[in-house]
Novice: 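One structure is given below, represented as structure tokens, and several questions about it will come after.
Keep in mind that this is a model prediction, so the values were computed, not measured. The first residue of the sequence shown is numbered 1, and numbering continues consecutively from there.
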Amino acid sequence: WQLISSVDPQYLKLTKVDDQIYSEFRENFEKLRIDVLDPEELKSESAKEKWRPFCLKFDGIVEDFNYGTLLRLDCSQGYTEENTIFAPRIQFFAIEIARNREGYNKAVYISVHDKEEEKECNHEGEKADSGRAEEKGANRGEKVKTNEGEEKEKEANKEINKSSETAM
């Protein structure tokens with residue numbers, strides 16, 4: 001998740017043989033919907049019969065090709081209990097490489113970067129607003145205080161003004 005959200009997925013390489021995995025995957029599963037996976041298309045007996053020969057092609061090519069790993073069902077969401085399924089590593093690679101190349105993981109990358117930019121803008125905006133408030137106070141010869149401090153300062157100024165009036 002961190003990888004696809006920090007690097008533009010179209011430039012991401014997951015293995016040394018991404019091209020081979022992708023071409024074999026789309027040759028064997030050309031109509032498989034990969035944005036939101038149906039677990040039946042991965043785990044049913046008929047699906048396993050189709051996936052097994054694909055997976056075995058990568059024995060000796062992809063290290064630990066048949067180890068289990070977590071695969072997101074909906075590529076627009078993160079790794080949650082509801083959104084993951086246990087799958088062989090080569091199945092994970094095939095689907096994630098296809099998602100990267102076909103642009104499905106780009107939405108994750110963009111949304112994460114939009115949120116980061118929004119935070120930066122908000123943070124810079126807060127700094128600017130704070131600076132303007134301090135500047136306004138400085139122009140009037142006053143200090144900018146928190147509400148509590150400001151109230152205490154006003155009370156103190158009233159007392160000083162009363163004392164000044166009495167003295168005059």
Novice: Out of curiosity, I21 CD1 to I97 CD1, how far, rounded to the nearest 0.5 Å?
Specialist: 4.0 Å
Novice: Rounded to the nearest 0.5 Å, what separation is found between the CZ atom of F93 and the OG1 atom of T69?
Specialist: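 Reported value, rounded in 0.5 Å steps: 8.0 Å.
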Novice: Can you run down the side chain to side chain donor-acceptor pair (under 3.5 Å) pairs that involve residues 39-50, sequence neighbours left out, and say none if there aren't any?
Specialist: S44-S46
Novice: Shortest non-hydrogen contact from D18 to L12?
Specialist: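 Minimum heavy-atom separation between D18 and L12: OD2-O, 3.9 Å.
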Novice: Can you pull the side chain to side chain donor-acceptor pair (under 3.5 Å) pairs that have at least one residue in residues 26-37, sequence neighbours excluded?
Specialist: R26-E102, R33-D35
Novice: Can you name the closest pair of heavy atoms from L73 and R99 and give their distance?
Specialist: O-NH2, 3.1 Å
Novice: Just verifying a value: how many Å separate I95 CD1 and N100 CG, rounded to the nearest 0.5 Å?
Specialist: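 So the gap between those two atoms works out to 12.0 Å.
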Novice: In this structure, would V36 and I85 fall into the same cluster of hydrophobic residues linked by side-chain contacts under 4.5 Å?
Specialist: no
Novice: Can you find a pair of side-chain heavy atoms, one from L32 and one from F25, that are under 4.5 Å apart?
Specialist: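 When only atoms from C-beta onward are counted, F25 and L32 do touch, with a gap below 4.5 Å.
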Novice: Kindly write out the residues that satisfy salt bridge (charged side-chain N to carboxylate O under 4.0 Å, His left out) with D19, not counting sequence neighbours, or none if the list is empty.
Specialist: R101
Novice: Only pairs under 3.5 Å count here: list side-chain donor-acceptor contacts from residues 54-68, not counting sequence neighbours, and write none if there are none.
Specialist:
residue	atom	partner	partner atom	Å
K57	NZ	E24	OE1	2.8

Novice: Working to the nearest 0.5 angstrom, can you tell me the gap between L42 CG and L37 CG?
Specialist: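 L42 atom CG to L37 atom CG measures 5.5 Å (nearest 0.5 Å).
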Novice: Which residues pass the side-chain contact (heavy atoms from CB on, under 4.5 Å) test with T80, sequence neighbours left out?
Specialist: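 With sequence neighbours excluded, T80 shows a side-chain contact (heavy atoms from CB on, under 4.5 Å) to E82, N83, given in chain and number order.
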